[in-house]
S.K.: 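Dumping the structure here so I can ask a few things about it.
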Amino acid sequence: MKIAMVGSGYVGLVSGACFADFGHDVVCIDKDQGKIDRLHAGVMPIYEPGLDALVDSNVKAGRLSFTTSLAEGIQGASAIFIAVGTPSRRGDGHADLSYVHAVAREVGETLANDAVVVTKSTVPVGTGDEVERIIRDCAPSHRFAVVSNPEFLREGAAIGDFKRPDRIVIGAEDEFGRDVMREVYRPLFLNESPILFTSRRSSELIKYAANAFLATKITFINEMADLCEKTGANVQDVARGIGMDGRIGAKFLHAGPGYGGSCFPKDTLALLKTAEDYDSPVRIVEAVVKANDSRKRAMGRKVLEALGGMETARGKKAALLGLTFKPNTDDMRDSPAIAIAQTLVDAGVIVTAYDPEGMEQASPLMPDVTMCDSPYAAIEGADAVAIVTEWDAFRALDLDRVKALAHRPVLVDLRNIYRPDDMRAAGFAYSSIGRG
Ligand code: UGA
């Protein structure tokens, strides 16, 4: 089957490469000539483990190609995926649908065969209806259906998530849409990945509800962590204790500096906007958004405390290990590190940092922070070291070297990757999250 993937960002490129790997004939389309040129040269526009090899092997097998021309790319495709960005609209937090609408228009104007148009971009409920109207207004003479097929992959684990999904959600309004989608996902269906067919609107809402629920779970355990610190309990035990209850589940209960990334912050805000539009409040999500925002700054204050407090912080030095919103990505969007660095810089602290993949993206976001080429270079002379992102490279630091290089052996572990007893035995003034 021929598949066109419009938008070669995270979701588009990973999905396109994986569909090609299933044996489909895939064209990835993007307006960004530079990106397409780099892809032709085998250079990935994003850091994602395993993606370069997957792209390379499928290009060599002749199943994956790239173009800037939508009109050319969609010709003969049975499924045309829309996987363009839906960023937060400046000012009001609504999902900005201008890219989705523009693609729908162009598809409508150039479609020359029967096809299913599939929205993979995260879009507010009702967007499928609009996409359908736009395409119909352009009056193609061909049969088409508009289907919703949200993506649940995580950055850093994207290929595994795509190939072994917990479920595939397909929101279709007619049999033509459902039949083509069954064919698209046949290889996964054979693998027994559950496919859930719903209405288009339900499918669109499932995506937001899933991300909002996960963001809620994280925020819940983060607030429990604060309570653990005050009461002398241990949040890891609490998470384990509640997670063993099958109704709650153990995943997404790691307390930390707050969620970031390209999805949870944007999607929770967009869900609030939808709720407002329909006059149907989602108060829990409102509280989650507020709590997560203030948590990021609170983490900066936690590092200030470790430096001896706000009053005496000026001129002291803090080293941040890890800047990206999570490991195995170079993505800095809404990373807690940004608010933490800003809080420290505002208090007059000299901040150094190291991240295995994120420094290029981080530099313009934190111009006052000095980027270093190793964790140890960042630690040199530091009055406090803070682990902000749990990259594997920080899990087994040479603690003697850290102690020798730092001005003071102070470690703030915002991801709980070390054990308090071990760190105290190693001579560190150690603080972490929710382990009172
Ligand atoms: C998230 C969802 O997990 C995916 O299912 C979804 O497809 C994706 O958004 C999307 O909408 O495109 P992602 O943003 O890549 O994926 O990253 P996550 O692994 O979910 O982590 C998000 C944030 O939550 C990170 O800052 C992470 O550090 C934090 N987190 C996660 C915690 O603080 N604790 C946890 O237990 C889990």
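Both ligands and their constituent atoms are indexed starting at 1 by order of listing.
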S.K.: Scan side-chain atoms only and decide if Tyr259 and Asp334 contain a donor-acceptor pair under the 3.5 Å cut-off.
M.R.: no

S.K.: So for Asn211, does at least one of its heavy atoms come nearer than 4.0 angstrom to any atom of ligand 1?
M.R.: yes

S.K.: Any heavy atom of Gly261 sitting closer than 4.0 Å to ligand 1?
M.R.: no

S.K.: To the closest 0.5 Å, what do you measure between CE (Met299) and CG (Leu344)?
M.R.: 12.0 Å

S.K.: One residue to check: Lys326. Relative to ligand 1, which of side chain, backbone, both or neither has a non-hydrogen atom less than 4.0 Å away?
M.R.: side chain

S.K.: Give yes if a backbone or side-chain nitrogen or oxygen of Lys207 is under 3.5 Å from a nitrogen or oxygen of ligand 1, and no if not.
M.R.: yes

S.K.: Looking only at distances, can you tell me whether any N or O atom of Phe264, backbone or side chain, sits closer than 3.5 Å to an N or O atom of ligand 1?
M.R.: no

S.K.: Taking it one step at a time, do Phe19 and Phe81 satisfy ring-ring contact (aromatic ring centres under 6.0 Å, His included)?
M.R.: CA-CA 11 Å; Phe19 280 140; Phe81 281 82; 5.2 Å; yes

S.K.: Side chains of Arg200 and Ser203: is there a donor and an acceptor less than 3.5 Å apart?
M.R.: no

S.K.: Mind checking what makes ring pair (Phe, Tyr, Trp, His ring centres under 6.0 Å) contact with Tyr10, not counting sequence neighbours?
M.R.: none

S.K.: Can you check whether Glu390 has an N/O within less than 3.5 Å of an N/O in ligand 1?
M.R.: no

S.K.: Applying a 4.0 Å heavy-atom criterion (strictly less than), which segment of Arg415 is in contact with ligand 1: side chain, backbone, both, or neither?
M.R.: side chain

S.K.: Lys217 near ligand 1, heavy-atom distance under 4.0 Å?
M.R.: no

